[in-house]
S.K.: 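Quick one: the structure is below, questions incoming.
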Amino acid sequence: MAAASAGLVAFINQLEGRQLETLFTQPYATVALMRSLQPLARQVLARLVCTGGAISSVLVSSFARPEGSSKLAAALSELTSLRLLSKAAQGGQQVYVLHPSFQAQLRHAMCCGMVDSMHAAALPPPDAVPPSTSELAAFARQQWEALLLYLVDGASSPPGPLHMLRAAALDVPSLLAAAGLMLKDEYTQRQSISEAGFQFLLAGLYSQLWTVVRQYLAGLGAGPPEAHGSGTADGGPGLAVAINMMLRLGLQAGRPICYPQLGPAERAIAAHMAQLGLLMPAVTGADVWLHPTRLAAVLAGGGRTGESAAASEEGYVIVESNFRVYAYTTSAVQVAILRTFVRCDALLPNLFVGTITRDSATAALALGITANQMADFLRQHAHPRVATKHPIVPAVVTDQLRLWQAERSRLRAQPAAVYSRFESPELFSGAVEFARQAGALLYSSQERQQLAVHSSFHDVMRGHLRDRKMALGL
Amino acid sequence: MVTATQGVLITGDVSLIEYIRALDEQLPPAERFIITPKGGPLDDTHLLVRDSKALWVQEKVLEWQQSLRFEPKRDQQ
């Protein structure tokens, strides 16, 4: 199984020291970190796991043959930067010390597997009927589309909390505003979509999910508990618990989680994830069980595998080489997303007919959406009928979108000061270098001995030329 | 003596610069906006224009770009 989402692990790698160390007490996080490391780093860790914890650096450097010593050094520096290994001096010699809680967790995982003894019996009773795939898909789609619809149109209501879980609700509007996807109007106190929000709409499902989840994790890691309404004691453990839960969803691949058996911090996070549509609560047997939906699988599966699974079953857009777009969809959100760059010609109950015109494309380009994003969107949501064609979106359409984008940057105008009539070539080349290093150089011509810099740089350049002329004796 | 000329530097491809030069030549000498620095003209892809006219030039270029196109109407095939 591919390692837990690359996005999540990259996020973990960026964490600060103290927060990173709280992660080392979580079993799933240690396994995911281990899987994300380079093979050589993994080998080093595997060798050190069952030792006393402090190994002399002489012994560690002997792991590699002379020709491989630089690779070993690179692996060791990666481990040190992640705080898994730390250098110390013991008994007069340099030793490498493995982080004790990480070592304990890894040893436990290696010896006992990923099944926690507490949760070993955590399966729903055999006679209980779990929700069917279509029910899970419908729930996920309903919650996620409520979020997207709120993003597009600030008047509709965002996905609400689930009463079955009796937990504090996640404040979706402030989450979206904190992620930069919506802007709050000071006067009307209403939120509306921003430029980044339009780009978010056109991105694939995985990057959309990851943007929202990353903002949620950042909120947990930084703010006080009141800001996001969960019951965590302080930021650090809440973040570690959340990351652990998400990795657990990925590594456990589809097993339901028993809600009453979770700790209080985990319950709050699980309730928030259910509000976003990642988990579906269902009363199976006597307790409430949370079943991971397709969204959780996409998030845990990482970009490539998640996207391809999502794309093939939900494609609905056909693009023709005469720039006509047909989208077989009933969802208001998908129609709204298409309308950002496609001119709507007809809207039937199950079909959207439109044309990509110069006006619609340039309006979208003015919003900050790039031609590549538009082409990727059309490609990813291609109808199964055309998904087998090559190329999926006709080359004329993608090329024309790129040409329209290039047209916008055809003319560039900047206020500038042009210097000419230099007394000597050395003075000219010195001035060019000076401007280039300051990042203010706009244009220089060796043959004509002319130089153009930003007009704000003019005074600095004058001083420089004065000094240089005195130095050169001109 | 090194001379400095202030203005707005316009960068673009050769055909665009030629178009702006053509625009400039049509105007009477008093209203011309291209500034030639003392050392000679800039190269084929750069022009120096007066600050006050920079926005006007950009609008004219946009108009020119808009005029060269075909837009399929709603009811056309």
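Naming: A, B, ... by sequence-line order, numbering from 1 per chain. Only heavy atoms go into these numbers, but all of them, side chains included; no hydrogens, no water, no symmetry mates.
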S.K.: Looking at chain B, which one of A/Asp345, A/Thr362, A/Leu411 has the largest number of heavy-atom pairs inside 4.5 Å, strictly under?
M.R.: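 Of the candidates given, the most pairs with chain B belong to A/Leu411.
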
S.K.: Tell me which of these, B/Ile20, B/Leu62, B/Leu16, has more heavy-atom pairs under 4.5 Å with chain A than the rest.
M.R.: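 Heavy-atom pairs under 4.5 Å are most numerous for B/Leu16.
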
S.K.: For the side chain of A/Tyr443 and the backbone of B/Thr45, is there at least one donor-acceptor N/O pair under 3.5 Å apart?
M.R.: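 A pair under 3.5 Å: no.
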
S.K.: For B/Leu42, which atoms come within 4.5 Å of any heavy atom of chain A: side chain, backbone, both, or neither?
M.R.: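 Contact with chain A: backbone and side chain both.
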
S.K.: Contact part of A/Leu427 toward chain B, heavy-atom cut-off under 4.5 Å: side chain, backbone, both or neither?
M.R.: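 It is the side chain, since no backbone atom gets that close.
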
S.K.: Let me know if B/Leu9 has heavy atoms under 4.5 Å from chain A in its side chain, its backbone, both or neither.
M.R.: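 For B/Leu9, heavy atoms of backbone and side chain both lie under 4.5 Å from chain A.
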
S.K.: Is it the case that more than 12 heavy atoms not belonging to A/Arg339 sit under 6.0 Å from its CZ atom?
M.R.: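 No - once you tally the heavy atoms of other residues, nucleotides and ligands closer than 6.0 Å, there are 12 at most.
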
S.K.: Can you say whether A/Glu407 sits under 4.5 Å from chain B via the side chain, the backbone, both, or neither, judging by heavy atoms?
M.R.: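 A/Glu407 touches chain B through backbone and side-chain heavy atoms alike.
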
S.K.: Please flag which part of A/Thr357 lies under 4.5 Å from any non-hydrogen atom of chain B: side chain, backbone, both or neither.
M.R.: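 For A/Thr357, backbone and side chain are both near chain B.
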
S.K.: Identify which part of A/Leu465 has an atom lying under 4.5 Å from any heavy atom of chain B, answering side chain, backbone, both or neither.
M.R.: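 It is the side chain, since no backbone atom gets that close.
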
S.K.: Identify the heavy atoms of A/Arg448 and B/Pro41 that sit nearest to each other, and give their distance.
M.R.: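 Heavy atoms of A/Arg448 and B/Pro41 come nearest at NH1-O, 3.1 Å.
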
S.K.: Quick check: closest heavy atoms across A/His458 and B/Ala4, and the distance to 0.1 Å?
M.R.: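 Where A/His458 meets B/Ala4 most closely, the heavy atoms are CE1-CB, 3.6 Å.
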
S.K.: Which answer fits B/Asp43, side chain, backbone, both or neither, if we ask what part of it has an atom under 4.5 Å from a heavy atom of chain A?
M.R.: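 Both parts, backbone and side chain.
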
S.K.: Report the option among A/Leu451, A/Thr355, A/Asp359 that has the most heavy-atom pairs separated by less than 4.5 Å from atoms of chain B.
M.R.: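 Of the candidates given, the most pairs with chain B belong to A/Asp359.
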
S.K.: With a sphere of 6.0 Å drawn around OH of B/Tyr19, does it hold more than 12 non-hydrogen atoms of other residues, nucleotides or ligands?
M.R.: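 More than 12 within 6.0 Å, yes.
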
S.K.: Any chance you could measure A/Ser455, atom OG, to B/Asp51, atom CG, to the nearest 0.5 Å?
M.R.: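 Those atoms lie 7.5 Å apart.
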
S.K.: Write down the atom of B/Asp13, the atom of A/Arg410, and the distance for their closest heavy-atom approach.
M.R.: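 Of all heavy-atom pairs spanning B/Asp13 and A/Arg410, the closest is OD1-NE, 2.9 Å.
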
